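Reviewing the structure listed below.
Each ligand, and each atom within it, is numbered from 1 in the order the structure gives. Bear in mind that the values here come from a model prediction, so they are computed numbers and not experimental data.
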Amino acid sequence: MPQFNDRVTALQVPGTRQFANKVSQYENGINLTLGQSGFDAPDFIRQAMVDAVEAGKLRYTHNKGLIELRTAITDYTAQRFNSEYDPETEVLVTNGGSEAIDSIFRAILDAGDEVIIPAPAYAGYEPLIQLLGAKTVFVDTTATHFVPTAEQIEAALTPKTKAILFNYPTNPTGTTLSADVIQSLVQLLKDKEIFIITDEIYSENIYEGEHHSFIEYPEVRNQLFYINGLSKSHAITGARMGYILAPEYAIDQVTKVHLYNSICVATPSQYGAIAALTHPNSKQMLKHMNTAYIERRDYLYDRLTQMGLPVERPTGAFYILPNISAYHSDSFQFATDLLEAEQVAVVPGAAFTSYGEGYIRLSFASTMEEIVEGCNRLEKFLKSYPKQ
Ligand SMILES: Cc1ncc(COP(=O)(O)O)c(C=O)c1O
């Protein structure tokens with residue numbers, strides 16, 4: 001047999017999907033693993049995609065994306081954060097947040113470079129870093145309510161640090177960053193020859209106060225990659241719609257990776273994205289979804305607390321991460337036992353780096369009925385599950 005690339009062979013399949021796949025085999029299974037909105041994509045986005053297809057808009061676009069879309073992105077971001085980005089030179093439309101992350105890593109990392117990431121963290125980052133022969137340096141946030149401090153980040157810096165990646169609101173913890181924390185991180189990182197990558201894919205899902213972003217700080221503009229997308233916010237994960245805002249010199253490099261990798265994002269998806277960012281009903285739709293998520297979050301938080309599981313109240317995204325270490329030190333085993341006993345699927349915390357061990361992730365993108373039933377079954381399960 002011909003041999004595969006060593007770094008690819010060493011990669012593991014992500015732990016996040018396993019339990020969702022297994023629960024679908026049970027007739028009465030409850031799936032609390034959803035990593036995407038359970039709402040249907042809004043009509044006006046679907047219609048814009050259909051119109052694009054019917055009008056035959058199926059050719060390549062500019063590598064960076066349709067200029068109308070790039071303008072919609074910079075206008076939308078300017079309204080939210082008072083930022084100034086040039087749609088001609090400082091925006092790249094990517095195949096979801098995923099390709100944005102991969103293309104940035106490939107544009108900046110050499111073998112041996114280090115990327116600092118607060119953890120527990122989304123499982124999609126480390127494998128991409130490993131593929132490049134670079135190294136992930138996780139910063140443990142479990143003792144600081146999942147919020148990284150400037151001191152922790154400073155202690156992780158080495159001469160090999162090439163980038164720091166922040167993901168707030170966070171998958172899997174649902175944590176957001178206050179303006180004060182961002183300010184202290186900006187103070188630490190400005191003027192250092194280190195890239196800041198901010199993955200703000202959940203930034204529309206904020207349940208307390210306003211979303212704050214690194215993009216609000218001109219001091220770090222020249223070293224910042226701002227990633228966002230419409231997968232989570234607008235319930236269109238399948239459209240593969242993400243984007244990067246960064247200074248021209250950085251977009252130029254990342255665009256080279258992107259154009260060789262995928263030329264451009266699917267043209268009908270780009271038309272759907274223009275509708276998502278500009279349609280008058282869009283804001284209302286986001287509010288409607290968030291109202292439902294808040295109700296589900298509050299219910300889940302109260303139930304988990306009543307069950308005696310230590311848990312932080314999420315302020316963003318649609319995940320909650322209770323601590324189950326009193327029952328089992330191995331979250332995969334705990335999730336397996338829960339699935340077998342009660343047919344409830346959750347994601348083991350260990351799927352989100354070793355710092356997630358001792359936790360499970362539940363999604364409140366699932367329906368209220370599923371959440372209620374899932375909580376009833378989890379409660380029943382815990383009553384007979386021996387504590388360690
Ligand atoms: C933190 C985070 N970033 C990026 C992504 C990828 O999103 P997309 O579907 O836009 O590629 C996900 C998906 O779960 C995520 O949780």
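With sequence neighbours excluded, the residues forming a ring pair (Phe, Tyr, Trp, His ring centres under 6.0 Å) with H288 are F39, listed by chain and number.
Remark: the T175 side chain and the E312 side chain contain no N/O donor-acceptor pair separated by less than 3.5 Å.
In this pair, Y293 and F318 present their aromatic rings tilted. The plane angle is within the 30 to 60° band. Using cut-offs of 30° and 60° for the angle between ring planes, the F214 and F166 rings count as parallel.
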Note down each nitrogen or oxygen pair, ligand 1 side and protein side, whose separation is under 3.5 Å; give only atom names and the distance to 0.1 Å.
{"residue": "ligand 1", "atom": "3 (N)", "partner": "D199", "partner atom": "OD2", "Å": "2.6"}
{"residue": "ligand 1", "atom": "9 (O)", "partner": "S231", "partner atom": "OG", "Å": "3.1"}
{"residue": "ligand 1", "atom": "9 (O)", "partner": "R240", "partner atom": "NH1", "Å": "2.9"}
{"residue": "ligand 1", "atom": "10 (O)", "partner": "G97", "partner atom": "N", "Å": "2.7"}
{"residue": "ligand 1", "atom": "10 (O)", "partner": "S231", "partner atom": "OG", "Å": "2.8"}
{"residue": "ligand 1", "atom": "11 (O)", "partner": "G97", "partner atom": "N", "Å": "3.2"}
{"residue": "ligand 1", "atom": "11 (O)", "partner": "S98", "partner atom": "N", "Å": "2.9"}
{"residue": "ligand 1", "atom": "11 (O)", "partner": "S98", "partner atom": "OG", "Å": "2.5"}
{"residue": "ligand 1", "atom": "11 (O)", "partner": "R240", "partner atom": "NH2", "Å": "2.7"}
{"residue": "ligand 1", "atom": "14 (O)", "partner": "K232", "partner atom": "NZ", "Å": "2.6"}
{"residue": "ligand 1", "atom": "16 (O)", "partner": "N171", "partner atom": "ND2", "Å": "2.8"}
{"residue": "ligand 1", "atom": "16 (O)", "partner": "Y202", "partner atom": "OH", "Å": "2.8"}

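Residues Y301 and V311 are in side-chain contact: their nearest non-hydrogen atoms beyond the backbone lie under 4.5 Å apart.
Salt bridge absent: K162 and E114 never bring a charged side-chain N and a carboxylate O closer than 4.0 Å.
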